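Reviewing the structure listed below.
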Amino acid sequence: MTPSAAPRNFRVGIAGCGAISRNHLEAFKSLDNVRIVGVCDVDEERARTTARAWDIPAAVTTVDELLDLDLDIISVCTPHPTHEAVVLKAAAAGVHVLCEKPIATRLEAAECMVAACEEAGVRFGALFQRRFWPAAQKIRTGIDDGTLGRPIMAQCSVMLHRAPDYYNRDAWRGTWENDGGGVLMSQAVHQIDLLQWYLGDVAEVFGRVNTYRHGEYIDVEDSATAVITFTSGAMATVEATTALTTNLGIQLRITGESGASASLTEFPEGSEGRLDLWATDGKIQEELVHPEGVEPNVDLSMINGQLIPFHTIQVRDFVEALESGQEPAITGRDALKSLRILLAVYESSRTGQPVRFAPVDGFAKSRVGIPTLVLAGVPAEAGV
């Protein structure tokens, strides 16, 4: 009998030792067939401190030095606009990539990253750990098995609190150049990912952005709204803000063609998503969205900390994909979709016009005759 091959051990490097790196360190450390061999940060002392704290052999200050450690996987935790350079270097070196969201701040950069990894034959995964919540998976199953059916409507509400020190703790936060955007790019991208995962390809985006509360210390948006039409004909609304003094958390409600609805809530922010509404067959299962006695304003470290179990599930999925030669559950090409949507909101807000991606098809074609709008007795075509 031929003995089975010994399991492969993967050498991992972490690029960037900021707040989110803890989630990657915890996730990779939990796997038996992974060894973190190095960390990298432009701040040498931060890199060294991280390496000591996590018993990691090497601490370096450049991505080139990190890749020289004979890596199998690089985990990208650097500021958003720097992702492109890290991923392109990794692809050229034949190293698999797991990248924090958003994978880039420009669509052209993201497309270049995806193409480089595909040409190099390396796997490119993107972190959207909220897809792995059991409640999020149940909605996906309800769509697929017909309980909800193909979605026709969705509402997404991202109502968050951020204090000035959130933006001031790192020089790159809150700037177009170094952050790439505000609440859409840094927070609501997760819910936009869930929307497109549930509702499919997008046909059109119409949106507005503004800065209501944090304008003294950021130049990106702290608030946004959007109407999204999908190629299936489904429609969704999005509202997102970091201007609240009391964090209300996040809700995503889906209504399917079966007539059933489900709502996914993340409150307090960072906690495991739960189904606060499951309405099928004329019956409603419901729980409080904002239970009494729950502290609404949660520190960033606690938000990230509560997401570690789901980072771990996704990291395990990525490593298992490498072992099996399959694609990971969420690829860089998947991440292009959410980036394209949020960038379309910015473009629509800039021009005042909808951004059209593709024709509407399926049941999405209009079946309703819309009457001429009349304002104060004047037909709309008169130009009021």
Side-chain angles (χ1 to χ4, degrees), residues 101-102 128-131 133 135-136 139 153-167 173-174 179-199 205-218 220-228 235-255 261-278 286-307 310 338 341-342 345-346 348-349:
K101 59 75 192 168
F128 286 103
Q129 73 290 107
R130 286 163 171 85
R131 284 203 204 181
W133 286 335
I139 291 178
M153 298 282 288
Q155 303 90 40
C156 178
S157 179
V158 182
M159 306 298 287
L160 307 179
H161 163 75
R162 288 295 184 272
D165 64 355
Y166 167 80
Y167 295 103
R173 290 187 188 275
D179 210 356
V183 63
L184 288 175
M185 188 71 74
S186 293
Q187 284 85 34
V189 62
H190 282 288
Q191 287 68 46
I192 291 172
D193 172 70
L194 286 170
L195 267 182
Q196 64 83 24
W197 185 43
Y198 291 147
L199 277 73
V205 175
F206 184 80
R208 288 286 187 269
V209 300
N210 213 325
T211 306
Y212 293 117
R213 185 177 179 85
H214 300 298
E216 292 183 6
Y217 36 87
I218 69 174
V220 296
E221 89 287 355
D222 65 20
S223 302
T225 61
V227 177
I228 303 172
M235 300 179 292
T237 59
V238 177
E239 59 174 354
T241 186
T242 57
L244 275 64
T245 55
T246 304
N247 195 322
L248 297 180
I250 299 159
Q251 283 187 287
L252 177 60
R253 179 176 293 177
I254 303 291
T255 297
S261 295
S263 178
L264 179 67
T265 284
E266 178 184 339
F267 178 82
E269 187 183 358
S271 62
E272 181 179 334
R274 53 194 169 83
L275 290 171
D276 67 275
L277 174 72
W278 189 261
E286 190 173 17
E287 64 176 74
L288 285 176
V289 173
H290 303 112
E292 290 185 16
V294 175
E295 173 58 45
N297 294 346
V298 184
D299 182 78
L300 180 63
S301 62
M302 183 174 290
I303 293 171
N304 289 340
Q306 291 182 101
L307 290 167
F310 302 100
S338 54
I341 295 166
L342 71 87
V345 178
Y346 292 146
S348 178
S349 186

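Nothing here was measured: the structure is a model prediction, and the numbers come from that model. The first residue in the sequence is number 1, and the count goes up from there. What you see below is based on every heavy atom in this structure, not just the backbone, and it leaves out hydrogens, waters and symmetry mates.
- Of the possible donor and acceptor atoms, none in the side chain of Thr237 sits under 3.5 Å from a partner among the backbone N and O of Val227.
- Counting heavy atoms from C-beta outward, Glu286 and Asp276 have side chains that stay 4.5 Å or more apart.
- Between His290 and Leu248 the shortest side-chain heavy-atom distance falls below 4.5 Å.
- In this structure, OH in Tyr198 is found 5.5 Å from CG in Leu264, a value given to the nearest 0.5 Å.
- The closest donor-acceptor contact from the side chain of Thr241 to the backbone of Ala243 lies under 3.5 Å.
- Across every non-hydrogen atom of Leu252 and Cys156, the tightest pair is CD1-CB, 3.8 Å.
- Contact record, Asp179 with Gly174: OD2-N, 2.9 Å, taken as the closest heavy-atom pair.
- Other residues, nucleotides and ligands contribute only 12 or fewer heavy atoms inside 6.0 Å of the CD atom of Glu216.
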TODO: Step by step, work out the side chain to side chain donor-acceptor pair (under 3.5 Å) result for Asp193 and Ser338.
DONE: CA-CA 5 Å; Asp193 172 70; Ser338 54; 4.7 Å; no

Open item on the list: The test is side chain to side chain contact (heavy atoms under 4.5 Å, CB included); show your working for Val220 and Met185 and say whether it passes.
Closed with: CA-CA 10 Å; Val220 296; Met185 188 71 74; over 6 Å; no

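- Pairing each heavy atom of Glu287 with each of Leu275, the nearest pair is OE1-O, 3.7 Å.
- Minimum interatomic distance between Ala188 and Val158 (heavy atoms only, all atoms of both residues): CB-CG2, 4.1 Å.
- Within the 3.5 Å criterion, the main-chain N or O of Thr242 finds no donor-acceptor partner in the side chain of His161.
- In this structure, CD1 on Ile250 lies 11.0 Å from CE on Met159, to the nearest 0.5 angstrom.
- Arg173 and Tyr166 are linked by a side-chain donor-acceptor pair at a separation below 3.5 angstrom, with hydrogens and angles left out of the test.
- Looking at every heavy atom in both residues, Trp197 comes nearest to Arg131 through CD1-NH1, 3.3 Å.
- With contacts defined as side-chain heavy-atom distances shorter than 4.5 Å, the pair Ile228/Phe206 does not qualify.
- The aromatic rings of Phe310 and Trp133 lie perpendicular to each other, with more than 60° between the two planes, well past the 30° mark.
- Distance check, rounded to the nearest 0.5 Å: OG of Ser263 to CD1 of Ile254 gives 9.0 Å.
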TODO: Decide side chain to side chain contact (heavy atoms under 4.5 Å, CB included) for Asn247 and Val298; before the verdict, give the C-alpha distance in whole Å, the side-chain angles of both, and the deciding distance to 0.1 Å.
DONE: CA-CA 8 Å; Asn247 195 322; Val298 184; over 6 Å; no

Task: Glu269 and Arg162: CA distance, side-chain angles, deciding distance, salt bridge (Lys or Arg N to Asp or Glu O under 4.0 Å) verdict - done: CA-CA 11 Å; Glu269 187 183 358; Arg162 288 295 184 272; 2.7 Å; yes

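- To the nearest 0.5 Å, the span separating CD on Gln251 from CD on Glu266 amounts to 11.0 Å.
- Minimum interatomic distance between Gln187 and Leu160 (heavy atoms only, all atoms of both residues): CG-CD1, 3.7 Å.
- Ring-plane geometry between Tyr167 and Tyr217 is classed as tilted, the angle between the planes lying from 30 to 60 degrees on a 0 to 90 degree scale.
- Note: Ser301 OG to Gln306 CD = 10.0 Å, rounded to the nearest 0.5 Å.
- Donor-acceptor pairing under 3.5 Å is recorded for the side chains of Glu239 and Ser157.
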- [ ] Evaluate the criterion side chain to side chain donor-acceptor pair (under 3.5 Å) for residue pair Thr211 and Glu221; output intermediate values, then yes/no.
- [x] CA-CA 5 Å; Thr211 306; Glu221 89 287 355; over 6 Å; no

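- Under the 3.5 Å distance criterion, the side-chain polar atoms of Ser271 are matched with a main-chain donor or acceptor of Pro268.
- Taking CH2 from Trp278 and OG from Ser261, the interatomic distance works out to 10.0 Å, rounded to the nearest 0.5 Å.
- Looking at heavy atoms from C-beta onward, Leu195 lies in side-chain contact with Val238 at the 4.5 angstrom threshold.
- Side chain of Asp222 to backbone of Tyr212: a donor-acceptor contact under 3.5 angstrom is found.
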